[in-house]
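Heavy atoms only: backbone and side chains are in, while hydrogens, waters and symmetry mates are out.
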Amino acid sequence: MKKLIICAVMITAGYTLQSCTATRSATGSTGATPGYGSASNISAGRNGEGVPSPAIRQEPIPGNATMNSAGSADSLSNKVDAAKNKVAQFINEAYLSSYTEVESSKIALQNAKNTYVKTFASLVVENQVKADAGLKALAAAKNITLDSAATNKNRDEKVKQLTTVTGEELETVYIQIMTRDYEQAIALYEDGERSKDPEVKAYAKANLPMLKSHFKIVSSLNKQ
């Protein structure tokens, strides 16, 4: 009986030893199960089951498109603002120029003695008042306010010169003021002719011949 029991124990021990040996061979010397965090699987890019992991795809960041769109909108807005500022600058400079020409001519018309000077002054007032009507309409259409304070600040000093002189001296100062002012006005309107704003371009083109005609007359008066 004892011999049978001893045999049974030896057979059981043999099976157990064989099973451990097989398991050890399958898992390797470290005892780690293949595929679950093993160095070979990690370096090969396999997942926990030993299956190759799919490549990671870089998804676009949604915010980038929004930022690019906002940047384009800002750039367009800046261009629109710059164009509006250029139109406003032309209209106000043209208005200030006309102010000097008209107010100076009113004084010359009233106080000058020279017939040619008085005739020229009358022509300037008549033509510039007509041009001013179109300029004011253009300013209203563009929602641009003509600043009277700027007018007084930048132009009154020129006009006031004529109130301190009389006779031939008045005529000389008047001709000098008009010569310089028409030179500047012609340059301004020639720039206006190149404007991308069609209404500004049309206004400048329509009135530039008048300015050149006035400049030609005042230049001839300056030579007398």
Hphob cluster co-occupancy, Met210 + Val125, side-chain heavy atoms under 4.5 angstrom: no
Connected via hydrophobic side-chain network under 4.5 Å: Tyr203 and Val129: no
Supply the atom-to-atom distance [X] [atom1] to [Y] [atom2], rounded to the nearest 0.5 angstrom.
| X | Y | atom1 | atom2 | result |
| --- | --- | --- | --- | --- |
| Asp181 | Tyr99 | CG | OH | 12.0 Å |
| Tyr95 | Ile144 | OH | CD1 | 14.0 Å |
| Ile91 | Lys136 | CD1 | NZ | 13.0 Å |
| Glu101 | Lys106 | CD | NZ | 13.0 Å |
| Ile107 | Lys160 | CD1 | NZ | 11.0 Å |
| Asp132 | Leu138 | CG | CG | 12.0 Å |

Fellow cluster residues of Val102, listed by chain then number, with links counted only when side-chain atoms sit under 4.5 Å apart: none
Sequence neighbours excluded - salt bridge (charged side-chain N to carboxylate O under 4.0 Å, His left out) pairs with any residue from residues 116-129: Glu126-Lys130
Any side-chain heavy-atom pair of Leu146 and Asn92 under 4.5 Å: yes
Tell me whether [X] contacts the main-chain N or O of [Y] through its side chain, where contact means a donor paired with an acceptor under 3.5 Å.
| X | Y | answer |
| --- | --- | --- |
| Ser98 | Ala94 | no |
| Asn222 | Val218 | no |
| Thr164 | Gln161 | yes |

Side chain to side chain donor-acceptor pair (under 3.5 Å) against Glu93, all qualifying residues, sequence neighbours excluded: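 Gln89.
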Results of side chain to side chain donor-acceptor pair (under 3.5 Å) for Asp197 - residues two or more places apart only: Lys142
Acceptor/donor pairs from residues 182-192 side chains to any protein atom, 3.5 angstrom cut, sequence neighbours excluded:
unit_1	atom_1	unit_2	atom_2	d
Tyr182	OH	Gln128	OE1	3.4
Tyr182	OH	His214	ND1	2.7

Per-pair distances, 0.1 Å, donor-acceptor, side chain in residues 170-179, under 3.5 Å, sequence neighbours excluded:
unit_1	atom_1	unit_2	atom_2	d
Glu171	OE2	Lys113	N	2.7
Glu171	OE2	Asn114	N	2.7
Thr172	OG1	Glu168	O	3.0
Tyr174	OH	Ser105	OG	2.7
Thr179	OG1	Ile175	O	2.7

Side chain to side chain contact (heavy atoms under 4.5 Å, CB included) evaluation trace for Val124 with Leu109: CA-CA 10 Å; Val124 169; Leu109 187 58; over 6 Å; no
